[in-house]
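No hydrogens, no waters, no symmetry mates; every other heavy atom, side chains included, goes into these values. As the structure is a computational prediction, the values presented were derived from the model and not from experiment.
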Amino acid sequence: MGYLQAHQAKFEEALVLSGQKAVFIGCTLASITVNKDASFKGKQIIELRQGTKVTGSITFESGKGEVHLYPGATVKEVLGGALVHHK
């Protein structure tokens, strides 16, 4: 819950988060599900930086998520949110 920042980590199983923001730097992930947080009214944000690879999907249960994709990072698909590309 809350905020997560991971560096050079490998998540081999599906990751389930309950929070407002997560930043992944140089990580490899199978998939991410972001649970709906009824007490939080803003957008839930996932940042993928420095070559982070998500081999599956990122799903926002709230339908109000954003994935910020930085150069070198990849994600297969985003469900329930928008994909924001950064240069």
Side-chain angles (χ1 to χ4, degrees):
M1 296 197 66
Y3 176 81
L4 169 69
Q5 185 169 341
H7 296 265
Q8 305 295 321
K10 185 174 184 179
F11 298 87
E12 295 178 355
E13 307 259 335
L15 184 63
V16 179
L17 301 172
S18 296
Q20 297 147 3
K21 185 173 182 177
V23 179
F24 298 95
I25 302 167
C27 297
T28 302
L29 301 103
S31 66
I32 303 171
T33 299
V34 182
N35 291 333
K36 183 176 182 177
D37 181 350
S39 66
F40 181 65
K41 302 301 179 199
K43 293 180 183 174
Q44 292 171 300
I45 296 173
I46 302 289
E47 289 187 12
L48 306 178
R49 297 175 172 267
Q50 297 179 4
T52 293
K53 293 178 177 53
V54 182
T55 58
S57 62
I58 298 176
T59 304
F60 294 93
E61 291 181 347
S62 69
K64 297 187 292 184
E66 282 187 355
V67 174
H68 291 253
L69 194 66
Y70 289 85
T74 60
V75 60
K76 185 175 180 182
E77 68 178 337
V78 176
L79 304 169
L83 187 57
V84 180
H85 291 273
H86 292 270
K87 294 183 181 185

Going by side chain to side chain donor-acceptor pair (under 3.5 Å), Lys21 matches just one of Glu47, Gln44, Gln5. Which one? Glu47

Is there side-chain contact between Cys27 and Lys10, with heavy atoms separated by less than 4.5 Å? no

Treat each ILVMFWY residue as a node, draw an edge where side-chain heavy atoms are under 4.5 Å apart, and state whether Val54 and Leu4 are in one component. yes

Counting C-beta onward and ignoring hydrogens, is there a side-chain heavy-atom pair between Ile32 and Leu17 closer than 4.5 Å? yes

Criterion side-chain contact (heavy atoms from CB on, under 4.5 Å) on Val34 and Ile46, from CA distance to verdict: CA-CA 9 Å; Val34 182; Ile46 302 289; 3.9 Å; yes

Plane angle bin for Phe24 and Phe11 - parallel if under 30°, tilted between 30 and 60°, otherwise perpendicular: perpendicular

Between Ile45 and His68, is the side-chain contact (heavy atoms from CB on, under 4.5 Å) condition met? List the steps. CA-CA 7 Å; Ile45 296 173; His68 291 253; 3.4 Å; yes

Taking the side chain as C-beta and beyond, is there a heavy-atom pair between Thr28 and Thr52 under 4.5 Å? no

Going by heavy atoms in the side chains, are Ser57 and Lys76 under 4.5 Å from each other? no

Please find the pair of heavy atoms, one from His86 and one from Pro71, that lie closest to each other, and give the distance. O-CD, 3.4 Å

Minimum heavy-atom separation for Asn35 and Ser18, please, with both atom names. ND2-OG, 3.1 Å

Between NE2 of His7 and CD of Gln50, what distance do you get to the nearest 0.5 Å? 8.5 Å

Are Glu61 and Thr33 linked by a side-chain donor-acceptor pair shorter than 3.5 Å? no

Suppose we screen for ring-ring contact (aromatic ring centres under 6.0 Å, His included). Which residues come up paired with Phe40, at least two apart in sequence or across chains? none

Shortest non-hydrogen contact from Ala14 to Ala30? N-CB, 4.4 Å

The single option from Leu29, Leu48, Leu83, Leu15 passing side-chain contact (heavy atoms from CB on, under 4.5 Å) against Ile58: Leu48

Which residues share a salt bridge (Lys or Arg N to Asp or Glu O under 4.0 Å) with Lys43, sequence neighbours left out: Glu66

Any side-chain heavy atom of Val67 sitting closer than 4.5 Å to one from Phe60? yes

